[in-house]
Amino acid sequence: MTSPILDKVLGFAEQQREQFEADLAELLRIPSISADSKFQGDIRRAADWLVGHFGDLGLQVELIETAGHPIVYAESPPVPGAPVALVYGHYDVQPPDPLDLWISPPFEPTVRDGNMYARGATDDKGQMLTHVKSVQAWLATEKRLPLQIKFLIEGEEEVGSEHLEGFLKENAEKLACDCVVVSDTSQFARGVPAITYGLRGIAYYEIRLTGPNRDLHSGVFGGAVTNPANALSKILAALIDDKGRIQVPGFYDEVIPLTEAERAEFRSLPFDEVAFRKDLEVEALTGEEGFSTLERRWGRPSLDVNGIWGGYQGEGEKTVLPGKAAAKFSFRLVPGQDPEKITTNLRAMLDRLLPPGIKMELVESHRAPGIVFPFGSETMQAAADAIEQGFGHRPVFIREGGSIPIVSTFAEVLRAEVLLLGWGQNDDNLHSPNEKFSLADFHHGIAASAALWERLATVQ
Ligand code: BES
Ligand code: ZN
């Protein structure tokens, strides 16, 4: 299965294990939090770190300014007769709070039990870096790559990739490629690597309700003045029924249903539902009636309140009727659903639900459609072989519930096949305290990536 050239490349990677881990730790030390403007300097430091790193590998590299956070672009020389791969990843991370739940501080990478703990360890610095390191190993041993590789690493994925779409459209020629490689998803389970062929989309909102012009004594005014926190609870509760069906008119009209064949595929995966539930310490799992847990997570829409506030949050009690209340909530969408249409119908529904005495503001943010890719192509087979080589197991084909907003644009604008090759695990705590990435998965990912370049080079 393996060639003498690849053996040398993998040998180099093996010998550099500690150095590669040290490089990852260095990047993880930079708190590149895209959502919080206080960290703008650190966003830039992370981008600069990557620029330096690509430069050291001898790649042509550019730091591209946008109206938001910079994009890092790097490329190796063209290889006549061979295809072009574009690696996409992100150097920005989610906010680390609540800080007191971290065992070691989020930006002081720490190794425990074979895992590197830090914000961004798996999402996405660790996963993204596997491709940089595999390129380093190829160049150090062979002085060349078997195909041209372009790197597009952005700093706004965790805030919806707002400025990337325009960049992609304006630079379609520069970014032209045969396939896009993204490692920002997960394996199915330990020892069960996966190729992800579908992601859910998202539509995210903040609803702000205003009642009286100031906070009031709930004894003096309660019962006579509409309380915005009461109104908010009622409105949010009306968005979904007891069977887990979202109540926005027309919400399911365009949903592409899961086929029987796909449902059977999901059932055949080695999913341990009891272990999944126990890991979360919940008594029961719930969701849309008539669907399994994997179907609910990967192939059906959902609604989550992501944050909710209003009234007194401090110690003890305060008998207050708050003047304002607000919530952030989002739908995960599946293929077929149109985020714009959903927003229009949602607005109309909220207007109807709004009780007298309350003013509403609805702010829209992230939106991305759900996607599924056909699978079984030669490129996907090449990826499956490379993963088998790197991880020692053949991957399963799965869908996942998270979103990577730019992925649908890659397929549309670059007309390239997208390979979602996740090296993470579902319990890596992405977006949660104690995010981690298994160092074994980091090195397996580097090996799989190194093998991928050799295999992709032979796909016509
Ligand atoms: N890496 C995740 C997406 C992901 C996680 C896909 C797990 C599949 C499995 C990505 O960085 C992410 O979190 N994206 C955001 C996008 C949002 C901010 C528009 C998400 O899904 O919440
Ligand atoms: Zn994320």
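Residues: numbered from 1 along the sequence shown. All ligand and atom numbering here is 1-based and tracks the order in the structure.
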Is it the case that the ring center of [Y] lies less than 6.0 angstrom away from the ring center of [X]?
{"X": "Phe391", "Y": "Trp423", "answer": "yes"}
{"X": "Phe251", "Y": "Phe331", "answer": "yes"}
{"X": "Tyr73", "Y": "Phe151", "answer": "no"}

May I ask you to decide whether Glu14 forms a salt bridge with Arg17, counting only side-chain N to carboxylate O separations under 4.0 Å?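 Salt bridge between Glu14 and Arg17, a charged N being under 4.0 Å from a carboxylate O: yes.
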Under the side chain to side chain donor-acceptor pair (under 3.5 Å) rule, what do Glu154 and Tyr88 come out as? Steps first, then yes or no, please. CA-CA 8 Å; Glu154 69 152 323; Tyr88 163 79; 2.5 Å; yes
Pairs in or reaching into residues 95-127: which pass ring pair (Phe, Tyr, Trp, His ring centres under 6.0 Å), with residues at least two apart or in two chains?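 Sorted result for residues 95-127: empty, none.
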Taking the Zn ion (ligand 2) as the centre, how many protein N/O/S atoms fall inside a distance shorter than 2.8 Å? 4
Exercise answer, ligand 1 polar atom pairs (N/O) under 3.5 angstrom:
from: ligand 1; atom 1: 1 (N); to: Asp123; atom 2: OD1; distance (Å): 3.3
from: ligand 1; atom 1: 1 (N); to: Asp184; atom 2: O; distance (Å): 2.8
from: ligand 1; atom 1: 1 (N); to: Asp184; atom 2: OD1; distance (Å): 2.8
from: ligand 1; atom 1: 1 (N); to: Asp184; atom 2: OD2; distance (Å): 3.2
from: ligand 1; atom 1: 11 (O); to: His90; atom 2: NE2; distance (Å): 3.2
from: ligand 1; atom 1: 11 (O); to: Asp123; atom 2: OD1; distance (Å): 2.9
from: ligand 1; atom 1: 11 (O); to: Asp123; atom 2: OD2; distance (Å): 3.4
from: ligand 1; atom 1: 11 (O); to: Glu157; atom 2: OE1; distance (Å): 2.7
from: ligand 1; atom 1: 11 (O); to: Glu157; atom 2: OE2; distance (Å): 3.4
from: ligand 1; atom 1: 11 (O); to: Glu158; atom 2: OE2; distance (Å): 3.1
from: ligand 1; atom 1: 11 (O); to: Asp184; atom 2: OD2; distance (Å): 3.4
from: ligand 1; atom 1: 13 (O); to: Glu158; atom 2: OE1; distance (Å): 3.4
from: ligand 1; atom 1: 13 (O); to: His431; atom 2: NE2; distance (Å): 2.8
from: ligand 1; atom 1: 14 (N); to: Glu157; atom 2: OE2; distance (Å): 3.1
from: ligand 1; atom 1: 14 (N); to: Ser403; atom 2: O; distance (Å): 2.8
from: ligand 1; atom 1: 21 (O); to: Arg332; atom 2: NH1; distance (Å): 2.8
from: ligand 1; atom 1: 21 (O); to: Arg332; atom 2: NH2; distance (Å): 3.4
from: ligand 1; atom 1: 21 (O); to: Ser403; atom 2: N; distance (Å): 2.9
from: ligand 1; atom 1: 21 (O); to: Ser403; atom 2: O; distance (Å): 3.3
from: ligand 1; atom 1: 22 (O); to: Arg332; atom 2: NH2; distance (Å): 2.8

Test log, rule side chain to side chain donor-acceptor pair (under 3.5 Å), inputs His163 and Glu156: CA-CA 8 Å; His163 301 98; Glu156 296 192 317; 2.9 Å; yes
Sequence neighbours left out, what passes side chain to side chain donor-acceptor pair (under 3.5 Å) with Glu262? Give chain and number order.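 Only Tyr197, Arg399 meet the side chain to side chain donor-acceptor pair (under 3.5 Å) criterion with Glu262.
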Going by heavy atoms in the side chains, are Asp338 and Leu333 under 4.5 Å from each other? no
